[in-house]
Each structure stands twice: as C-alpha cells, then as structure tokens.
Amino acid sequence: MSNPFFETWTTPFGLPPFDRIQAEHFPPAFDHGMAENIAEIAAITGNPDAPTFANTIEAMERSGRFLNRVGGVFWNLNSSNTTDALETIARDYAPKFAQHSMRIALDPALFARVADLYERRDTLDLAPDQLRLLERQHLGFVRSGALLPPDAKARMTAITERLATLHTLFGQNVLHDEKDWQLVLEESDLAGLPDFARNAAAQAAKERGQEGKYVITLARSSVEPFLTFSARRDLRQVAYEAWIRRGEHEGEHDNRPLIREIVALRTEQAKLMGYASYADFKLDDSMAKDTSAVERLLLQVWGPAKEKAAAERAELQDCARAEGMNEPIAPWDWRYYAEKVRQAKYDIDEAEVKPYFVLENMVRAAFDTAGRLFGLTFTERPDLPVYHPDVRVYEVTEKDGRHVGIFLHDNFARSSKRSGAWMSSYRDQENFDGAVSPIIVNNNNFSKGEPTLLSFDDAETLFHEFGHFLHGCLSDVRYPSQSGTSVRRDFVELPSQIYEHWLAVPETLSTYARHHQTGEPIPQDLLRRLLAARNFNQGFGTVEYTAAALLDLEFHTRSDAADTDVAAFERSVLDKIGMPAEIAVRHRPTHFQHLFAGSGYASGYYAYLWAEVLDADGFEAFLETGNPFDPDLAAKLKTIYSSGDTRDPMELYTAFRGREPRIEALLKHRGLTQSLGDA
Ligand SMILES: [Zn+2]
C-alpha cells in the first residue's frame, strides 16, 4: 500500500485525501519530515555565504513544509476524530517533536546567523513585515534558550520534551473520563427536561448502544442543559460531581501528579531563563506585557462580579424557597434555579427560544454576516473529501468569484472528539513562493438533533469560532509564520469575540432566528426579552471565569512549585480570593486543558477577558456610527483580520479604533457598571 504523504495530492484545492489516510501512514511520514527539516536547516547553516535575510530567514520560512503538511492532518484528526492508534502515535511523537523543535531552536550556528542579521537589522533595508519577522524569530530563539550556556540548554530541551509528554497525557486523561462516564436514565428520570434535551439524550444513548434509554455525558453540551433543567436534584448532584471531578481520581488517569510535575518544570524553565516565575516569563511576550497588568484587569472585574453574583444568589434562594426547597443553593442548583428566575423575570424559557435557533440557519447567519462585512461568499461543496460524514465543506470566494479558501465545519459532539470548540488549519495562507490559500476547520460540540437546535450560548460559540476562521481565511500575508492566527495569545481572541456581537444584532436575529417547524421569525416580543435577558446571570459567568484566570495566574506565579498538593492549592487560592461557595471555578485544575494539555494558554487564560476589553470597545465603534455593518469601519476591521502577525497588535487596534482601548464597554456589556459605581 502506498503512503499518501509521499505522493502529490491531486484532490481539489489540495485537500488531504482523507479516505486514503491510515494511522500507519503517519510515523514514516513524521520521521521523513523531521529528517528532511534537519537537512534543510543544515543547508542554511552550512551556507558559506554571509547571512542575508534571503539565505537565512526566508530559507527558514521555506523549511519544514513536508512535516507541516503531515502534522496539519495528524493533529486535526487526533482532536476531531481520534482512535486508539492515533492516540498512541500522539504519545510516542509528542517528545520527539519537542526534541526536534528544540534542536532547531538551540542550533548555535543557526542562531549565530539570525543574531548577526538582528544586530544589523536597521541596515538591511527590510520591508515592515520582514523586519518584524526577523525581530520575532530572534526573540523566539532567545526565549527558547539560545543565549544560555550548554548545560542549561540541554536542561531546557529535556524539560520541553518531558512537558510535551505530560501535556499529551493530560488531554488524553480528560478525554478518557469524558468518554468513560455516562448517566443512563429511564423515561421516568427525565422530569423537567425539555424536548431538545430529551432528544439529545436519546441520540447519545443510541450512539452508545442503549437504544430506548437516555444518556447524559460529561460533554458540556450534554451536562449543562441537564443541570439547567432536570428537576431531579439527586441526579443533578450525581452529574455535577462527576463533571467537576474529571481527571481527579486515583489510578492511571489521575491528572494531579501530572499537574505537579508540569508546574514544577515550568517554574524551573522560567528560572533558567532568568525570570522569577513562569507567568513573568510568559507574559513578557504578550500584549499585556507583565503580570501586574493582568492582575489589575482581573481584579477590576472580580469585586463587581462577586457583588453581582451575591445579588443573583439571593434571587435564586428566594425562588428555591418558593418552590419548597429550603436548603442553601448548592453548585448543582445554580443553573437550575437561575433558569427558573430567568423565566420568571424575563418571561423567557430556554425551551421556547431553542426552536428558533436551528443550526443550519445560524450557520447561514454567520456566512451572510461575513458577506456583508467582508464581501465573502460560501458555496457548499459536498463533492470534496472529508474525514467524517458529519463534516460540511464550503468553498469561500470573493464577490467576484476569486477563490479565498476552504472551510470545514465539524459541528457535532462525538466520543472521538475532544471537548470544547476550536478553530485550526490544515494549511495556512501565505504569498511567499506564490499564493497558497488556507484550509480552515471549525470544531464545535453541539448535541446532534433532528433538527439540531442551539441555545443562544451555542450560537455565540458558533460565531466565536467562525471569527477565528475568518482570521485564518482573510489572512493576506507573505510569510507562513506570520499567517492568520499566529499573533500574540491575548490578541488572538479579538477577531473571534468581536464577531459574536453580530449574532445579537436585532437584524441578524429577526432574519435567521426562525422556528424549525413553522419557519416563522422569532416573535419581536420574545426577541426583545431574549436580548434584555443577556446580562442575566453574568455575575455567575464572570465569577466562574475570573476565578479560573486567577487560579491560572497563582499556579504560575509561585517561585517554588515543588510538591504542589493540587487540591489543597486550589482550595487555598479560592479561599484567598473569597470564591462564593455555590459557584465552581469554570475549569478545575484536573481538567483545565488550557493550562495543562499544552502551554499555549498557561498563564494566558486571562486572554479572553483581555480581548473582551478590545472587542466590547471595538464593537462600540460600530454602534457609534448607528450602523452595525458600517462599510468604512468594516474595511478597517478587515485589516485586523488580514494582517496576521505582520504588525504590532496595539498599533493594529488603534488604527482601527482611532485610539487605545477603554474598559468601560466591557463593564457595561457584562452589566457590571452599576456594581462598580457602588463599590
Ligand atoms: Zn477563541
């Protein structure tokens, strides 16, 4: 059998020939890709000519293409549709890839050439994108340890390798617990559940060979509606406790020892690099720039959020008492009574809203918004290859028909998919050696139904990931390493979060929120109540998120991280910040994948709130014009989506907004302004 990775793909748009790719094709392709990459680097360092931007930086941009192509397919499939065979390969290769990238990052001859160019950068007559590329490549080497003495370099490599293994195991343990656990229910256990939740539970049961029964899983899309609607307090408690204990139990899938080791290694890494803590090291290369700026932002919302949550709790307690529940509100009660209060206060019933949020229509809304703002058109291409029958494929074009990219939309939860929602790419845009168009995927974890109905939050998630997709798809840069979403972590959530605002534009909802049976648009009155209810329970949402961000910061600002007792540490942090007892942190450490299944968001979970300052303030600019689709402003915004990492993020933002961002719009958006005034 031939290995498709060693052939030229003749598929349309260069999509991977998914039907021919088998797990056993990856290891030989990875081995070849790494060897080829090392040879490419050796050719750069062995070049007898003096370093130039072309023979060093551009040659680096040209290297590793084979490996990237294989990796693009592998990491996507391993996240979206994994198998035991793929998981084994991921475990085997995580340390090998870490070693490989460190071998390049710590290659003294390669760094010498980059450093030489960096020293002379002002004399090289570089275009702005080239200058930034050189500066950031140089910084990347320095931050990998290129300036360290040999023994420290060796230790950096060993740490990076070990961390790669630990990150992989951490993620696999969470997936294991989510796959493993199920709450099997009978018809008689479903009190309170609306039709959509029953249907989703019936569907989940069917997929697990339990036809005729109902299954609740630990996927957020399954367990959250259950906690919101189930009238059975005992079952809510069972589901809730399993949900928050993912990764926290004795045995081979225990994530606690992994966290201890990860945190200790990161601290050691930071100290080798001359920083007091891992957070100091990480934030040194961020838009926020340092730990104190992050802390300041988080504490600015923490107090008002707690106050708002306390007011919310009092309302929930009253509601519970009125229903004859005299015990204090427990964490597994919050969502349930919040939904009741929401129904009473705004006369809104999630079960009344959901029939108007048909997945197909919300996808159409996301597409058409991109059409109005940025001139994109989406054409479904069922003829193109996919890796799972549920994946939909679209060709993206400009209004004049020019090809822009390919969009894969993978919307449904399944046991082979990791939880959450994310965007990633099979191929990034670049214009370096000829135009290369992007192939981008959005993954969601919606419960499949007939039809699939979304909550308002689900629809926001859909728009959010679609915003990331646009960042990848509208990318118009020369060099691959500056493409699309390869920007600073606390800037990358701006294009996604600002896009969410267009879902809530009344025009969008009255056009696309249509009843799945009658096709009638959402009644104006319901729409008004829905929008009015958006600030509801924001105290809860802000508390659970901000606590997670503060926990992240605490884990990574300690100067001595050895022997962390994870549960005790979590408890001490939550006590210190005065966490309300009825609310759990949004991600507890043992399943906090942002922090421990990779290092990208480690001491970076604040990034969502940081970017929210920008997105709330940025969308406010549209409101100020009186037209949420204002074409001049949309054109300016498009520059943020198309610039990738070719420009400094604050410079990009101020060019769009005409000034630096302000926090007021965020506080207003979350309904925290009043409490702030009282505080
Ligand atoms: Zn995001």
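Since this is a predicted model, take the numbers as computed values, not measurements. Whatever order the structure lists them in is the order used to number ligands and atoms, beginning at 1. Position 1 is the first residue of the sequence; numbering continues from there.
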Flag for Ser292-Asp290: side-chain donor and acceptor within less than 3.5 Å:
yes
Assert yes or no for the condition that the ring centre distance of Phe596 to His587 is strictly below 6.0 Å.
no
Out of the N/O/S atoms in Glu493, what is the name of the one closest to the Zn ion (ligand 1)?
OE1
To make sure I understand the geometry: which N, O or S atom in His468 is closest to the Zn ion (ligand 1)?
NE2
With Asn173, the side-chain hydrogen bond (donor to acceptor under 3.5 Å, both in side chains) member among Thr168, Thr590, Asn255:
Asn255
For the pair Arg266 (side chain) and Ala602 (backbone), establish whether a donor and an acceptor sit closer than 3.5 Å, ignoring hydrogens and angles.
no
Any N, O or S atom of Glu465 closer than 2.8 Å to the Zn ion (ligand 1)
no
